[in-house]
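Each chain gets a letter, A, B and so on, in the order the sequences are listed, and its residues count up from 1. This structure is a prediction, so every number in the text was calculated from the model and none was measured.
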4 protein chains.
Amino acid sequence: MSRPTGVNSEDTKQFIVDVATKIFEHKGYSATSMANIKDETNLSKGTIYYHFKNKEELYLHCIQQVSNEFIRNWDITSQTEQSAEKKLYIWANLNNIMLQKPIMNTIQEYFVSTNKHNYDAVLELYEPEFQIVGRILEEGINRGEFKEDLHIEDVSVLLYNFITSLENAELFGYHSSQEKKNLYKLAIDLIVPGLKK
Amino acid sequence: MSRPTGVNSEDTKQFIVDVATKIFEHKGYSATSMANIKDETNLSKGTIYYHFKNKEELYLHCIQQVSNEFIRNWDITSQTEQSAEKKLYIWANLNNIMLQKPIMNTIQEYFVSTNKHNYDAVLELYEPEFQIVGRILEEGINRGEFKEDLHIEDVSVLLYNFITSLENAELFGYHSSQEKKNLYKLAIDLIVPGLKK
Amino acid sequence: MSRPTGVNSEDTKQFIVDVATKIFEHKGYSATSMANIKDETNLSKGTIYYHFKNKEELYLHCIQQVSNEFIRNWDITSQTEQSAEKKLYIWANLNNIMLQKPIMNTIQEYFVSTNKHNYDAVLELYEPEFQIVGRILEEGINRGEFKEDLHIEDVSVLLYNFITSLENAELFGYHSSQEKKNLYKLAIDLIVPGLKK
Amino acid sequence: MSRPTGVNSEDTKQFIVDVATKIFEHKGYSATSMANIKDETNLSKGTIYYHFKNKEELYLHCIQQVSNEFIRNWDITSQTEQSAEKKLYIWANLNNIMLQKPIMNTIQEYFVSTNKHNYDAVLELYEPEFQIVGRILEEGINRGEFKEDLHIEDVSVLLYNFITSLENAELFGYHSSQEKKNLYKLAIDLIVPGLKK
DNA sequence: AATGAATGAGGCTTCATTCAT
DNA sequence: GATGAATGAAGCCTCATTCAT
């Protein structure tokens with residue numbers, strides 16, 4: 001990722017967010033330093049602080065953008081009329097493609113390391129992504145694909161955590177893109193029988 | 001948690017581990033400072049360093065102990081002859097009871113924030129716990145309960161991540177003990193159909 | 001030594017080096033603390049670390065500068081055509097004037113206390129100064145002043161150590177400038193007969 | 001060096017001094033820690049503090065012993081009737097053999113790092129060794145070997161520093177025992193013509 | 001005599017942040 | 001808009017020393 005040349009304020013800000021996101025994804029909130037971001041962007045500390053009040057604001061900006069991007073991608077990918085089951089596979093695959101690292105893995109750490117105590121505020125951050133699962137389930141029930149007595153709320157939580165937990169796949173030796181793709185698919189394979197009528 | 005009075009080296013060491021584990025669980029590796037541990041134990045910095053070479057060693061000691069404890073508990077709980085399915089429920093429940101926070105959630109962060117690159121070393125840390133799942137699956141297949149073509153390796157990873165990801169339940173509003181218990185149970189309910197013949 | 005007012009990065013850096021050099025000369029490597037340097041400069045710890053990666057780099061910077069200064073001075077002082085014998089006196093006197101403390105006395109301690117094992121790296125540090133002696137000897141032999149069978153390498157080591165060891169003169173009660181000057185001169189008086197034909 | 005077996009208090013104390021001397025010689029005063037000495041002796045910290053009030057006392061004890069040993073050795077070696085010139089060679093050689101490290105190289109560092117300001121106290125520490133040189137010179141003059149107008153005081157300082165500075169020989173690539181021996185001999189070769197009539 | 005657990009001051013370094021230019 | 005020098009709190013760790021046993 002290289003610094004935009006026809007520099008304009010908004011570009012610089014976006015550039016910082018992009019670089020910072022990569023680092024936060026990789027190192028989490030506390031372990032990422034403003035110096036890391038400065039080094040990786042080749043900008044000055046002053047510039048970063050010109051665009052963002054502090055580390056926290058920059059972090060939240062990154063989170064927000066990744067979340068929005070995911071939603072946008074999902075909206076595009078899922079438009080076509082398809083079965084809820086198919087949509088689960090698409091959703092899992094999108095999670096894999098976008099490697100939704102920060103959302104689950106770093107938000108929690110960010111919260112405790114900044115001594116926040118209001119969990120509701122966390123939830124808000126990934127509420128939109130979380131609702132995607134709920135909507136798929138709802139659709140599946142309405143279409144008669146899934147069991148009618150599924151407790152959507154609970155199952156959403158389970159599915160959401162199940163899929164996002166796979167960002168750790170790397171740790172378990174799933175390095176190639178294809179291996180990961182298969183793992184995400186297998187996850188849905190495994191869960192679908194429990195959902196279907 | 002209050003300081004043991006009949007002071008003896010091993011007691012002090014164990015006391016530090018117990019306190020530190022709680023803090024690491026709560027704040028993760030980087031966000032936990034040695035000062036935190038000093039304050040919470042009411043011991044001096046020197047004493048903590050007398051018992052542990054450095055923060056990393058203390059952390060690994062904590063991880064190890066939690067892991068061992070889990071294994072020990074599992075060995076006791078799972079002795080009786082039971083179906084693999086039943087064992088999955090017992091295993092999930094044990095995960096809930098022991099709130100296996102540090103293992104999955106902080107190890108990854110620890111690794112990245114300490115610039116470790118050797119993934120094998122991480123795996124080793126929770127290998128024993130991880131194998132539990134594998135053995136249940138194997139047993140289920142041998143007993144004819146589960147599908148013969150299950151890829152044990154992959155499914156272990158999925159199940160392990162699935163269940164350990166639920167340590168985030170709190171975030172999603174599952175506060176009471178009973179709510180959590182139900183969630184863990186529901187997770188198995190959901191996955192069992194995908195495993196069974 | 002007082003803080004420069006027309007603050008500019010390079011000035012600050014140089015100011016730190018100048019202050020640090022004095023302290024390292026006086027206390028050696030291990031006994032000099034960054035806090036000493038902070039106190040003596042009236043700068044903040046952060047500022048010192050902004051200019052120098054760590055204590056070691058700062059120390060080496062000081063060493064380097066003192067060495068360079070000596071070489072520069074020598075190059076100026078020794079330009080004129082003179083006998084090798086005369087040059088020895090000039091060289092000894094320059095050593096006295098510049099009080100080459102750190103080079104011999106602290107480098108060794110620095111090396112050991114930082115667990116360095118590569119002797120070549122030490123040598124490099126004062127190689128340039130060391131070569132001065134060699135060149136004087138060579139010149140003396142070529143000019144027919146000194147014995148032809150002098151082993152330049154060995155004698156350089158001896159002369160270099162001889163003269164630099166006199167930085168301890170203070171310890172032996174040589175306090176006034178004149179007393180020291182005489183001592184350095186006497187050293188050459190004493191050694192010259194052994195060199196001459 | 002291994003711990004004496006027929007343990008008795010005085011043996012233990014001596015053992016500590018012997019081990020500590022080696023470490024002080026190698027690392028100097030500040031860089032040597034009581035933990036180093038504990039590790040190297042395989043004794044407990046308590047034991048070391050039982051025998052020595054503190055690090056400083058232990059250090060001075062070591063210095064004292066090395067100095068005494070040197071004097072004792074010198075007294076034995078130099079008894080026989082010989083020329084002053086010959087004695088210089090013997091003295092230089094003894095310096096080489098005993099590797100008189102701590103005396104010159106660490107005392108200075110010890111003094112500054114402990115904020116001592118009374119130089120006389122340093123001198124006292126190695127006065128006895130220092131006097132050896134003076135006595136050789138005196139003898140040389142009385143015997144008619146050396147110039148009558150030698151300023152014994154000054155020349156002693158020069159000779160003493162000259163020879164003790166060679167403890168750095170290692171740094172200059174003189175590793176083998178034979179190489180060092182030659183260097184010490186060459187030093188005297190070089191200086192003798194300046195002393196002789 | 002000997003031990004080793006405990007202490008807290010102080011050492012090196014990193015960090016988020018500010019601000020004059 | 002952008003820079004980078006400066007700051008001081010806080011982080012990790014080592015050290016000499018004490019003391020109950």
Side-chain angles (χ1 to χ4, degrees), chain A residues 7-13 16 30-38 42-58 114, chain B residues 7-13 30-38 41-58, chain C residues 7-13 16 30-38 41-58, chain D residues 7-13 16 30-38 41-58 114:
Chain A
V7 196
N8 107 343
S9 181
E10 203 47 51
D11 285 353
T12 306
K13 185 166 183 175
I16 294 170
S30 358
T32 296
S33 72
M34 292 304 263
N36 289 156
I37 295 166
K38 164 187 105 52
N42 275 319
L43 292 168
S44 69
K45 277 199 177 179
T47 300
I48 295 167
Y49 274 91
Y50 175 80
H51 289 287
F52 299 94
K53 207 178 82 212
N54 53 32
K55 182 178 166 180
E56 191 166 3
E57 196 185 283
L58 170 54
T114 51
Chain B
V7 190
N8 141 313
S9 182
E10 206 47 53
D11 287 353
T12 307
K13 189 167 181 173
S30 1
T32 297
S33 74
M34 292 306 261
N36 290 155
I37 295 167
K38 161 187 110 49
T41 52
N42 273 319
L43 291 168
S44 68
K45 246 183 269 191
T47 299
I48 294 167
Y49 278 93
Y50 176 77
H51 290 285
F52 299 94
K53 209 177 83 224
N54 52 32
K55 182 178 165 180
E56 190 166 3
E57 197 185 281
L58 171 53
Chain C
V7 189
N8 141 315
S9 181
E10 205 47 52
D11 287 354
T12 307
K13 188 167 182 172
I16 295 171
S30 0
T32 296
S33 74
M34 292 304 261
N36 290 156
I37 296 166
K38 162 188 107 53
T41 53
N42 274 318
L43 291 169
S44 69
K45 251 184 260 191
T47 298
I48 294 166
Y49 277 92
Y50 176 78
H51 290 284
F52 299 94
K53 209 176 83 221
N54 52 32
K55 182 177 167 182
E56 189 165 5
E57 196 185 282
L58 171 54
Chain D
V7 198
N8 106 345
S9 180
E10 204 48 51
D11 286 352
T12 305
K13 185 165 183 175
I16 294 170
S30 359
T32 296
S33 72
M34 293 304 264
N36 290 156
I37 295 165
K38 165 188 104 54
T41 53
N42 276 318
L43 292 169
S44 69
K45 276 197 176 178
T47 301
I48 295 167
Y49 275 91
Y50 175 80
H51 289 286
F52 300 94
K53 206 178 81 213
N54 52 30
K55 181 177 167 181
E56 191 165 3
E57 198 185 282
L58 171 54
T114 50

Chemist: Figure out the CD1/P separation between Ile37(B) and dG8(E), and round it to whole Å.
Modeler: 18 Å
Chemist: Among dC13(F), dC15(E), dT3(F), which nucleotide sits nearest the side chain of Thr47(A)?
Modeler: dT3(F)
Chemist: To the nearest angstrom, how far is Ile16(A) atom CD1 from dG1(F) atom P?
Modeler: 12 Å
Chemist: What does Ser30(A) touch in the nucleic acid at a heavy-atom separation under 4.0 angstrom: a base, only the sugar-phosphate, or nothing?
Modeler: nothing
Chemist: In whole angstrom, give the distance that lies between atom CG of Asn36(C) and atom C1' of dG11(E).
Modeler: 10 Å
Chemist: To the closest 0.5 Å, what do you measure between NZ (Lys45(D)) and CD1 (Ile37(D))?
Modeler: 10.5 Å
Chemist: What distance do Leu43(A) atom CG and Tyr50(A) atom OH have between them, rounded to the nearest 0.5 Å?
Modeler: 13.5 Å
Chemist: Atom NZ of Lys38(D) and atom CD1 of Ile48(D): how far apart are they, to the nearest 0.5 Å?
Modeler: 8.0 Å
Chemist: Can you give me the dot-bracket string for DNA chain F, 5' to 3', counting Watson-Crick and G-U wobble pairs with both distances under 3.5 Å, using [ ] for crossing pairs and | for partners on another strand?
Modeler: .||||||||||||||||||||
Chemist: For Thr47(D) and Ile16(D), which heavy atoms make the closest approach, and how far apart are they?
Modeler: O-CD1, 4.4 Å
Chemist: Whole angstrom is fine here: how far is it from NZ in Lys38(B) over to C1' in dG8(E)?
Modeler: 9 Å
Chemist: Within this structure, what is the CG-to-P distance between Asn8(B) and dA20(F), rounded to whole angstrom?
Modeler: 18 Å
Chemist: Just how far, in rounded Å, is P of dT3(F) from CD1 of Ile48(A)?
Modeler: 10 Å
Chemist: Can you figure out which of dA16(F), dA2(E), dT13(E) approaches the side chain of Met34(D) most closely?
Modeler: dA16(F)
Chemist: With DNA chain E as reference, determine whether Asn54(C) or Ala35(A) sits nearer its 5' end, using the nearest nucleotide of each.
Modeler: Asn54(C)
Chemist: Any side-chain N or O of His51(C) less than 4.0 Å from the OP1 or OP2 oxygen of dA6(F)?
Modeler: yes
Chemist: OP1 or OP2 of dG1(F) versus the side-chain N and O atoms of Thr12(A): is any pair under 4.0 Å?
Modeler: no
Chemist: Evaluate the side-chain proximity of Leu58(C) to Lys55(C): yes if any heavy-atom separation is below 4.5 Å, no if none is.
Modeler: no
Chemist: With a 4.0 Å cutoff (strictly under), does any side-chain N or O of Ser9(B) reach OP1 or OP2 of dG4(E)?
Modeler: no
Chemist: Whole Å only: how far is the OH atom of Tyr50(A) from the C1' atom of dA20(E)?
Modeler: 16 Å
Chemist: What is the separation between atom CD on Glu10(C) and atom C1' on dG4(F), rounded to the nearest whole Å?
Modeler: 14 Å
Chemist: Taking only side-chain nitrogens and oxygens of Tyr49(B), does any of them come within less than 4.0 Å of OP1 or OP2 of dC13(F)?
Modeler: yes
Chemist: Assess whether side-chain contact (heavy atoms from CB on, under 4.5 Å) is satisfied between Glu57(A) and Asn54(A), documenting all intermediate values.
Modeler: CA-CA 5 Å; Glu57(A) 196 185 283; Asn54(A) 53 32; 3.5 Å; yes
Chemist: For the side chain of Lys45(A) and the base of dT17(E), is some donor closer than 3.5 Å to an acceptor across the two?
Modeler: yes
Chemist: Among dT7(E), dT3(E), dA2(F), which nucleotide sits nearest the side chain of Ser44(B)?
Modeler: dT7(E)
Chemist: Can you tell me how far the OG1 atom of Thr41(D) sits from the CG atom of Asn36(D), to the nearest 0.5 Å?
Modeler: 10.5 Å
Chemist: Does the side chain of Thr12(C) come within less than 4.5 Å of Ser9(C)'s, by heavy atoms?
Modeler: no
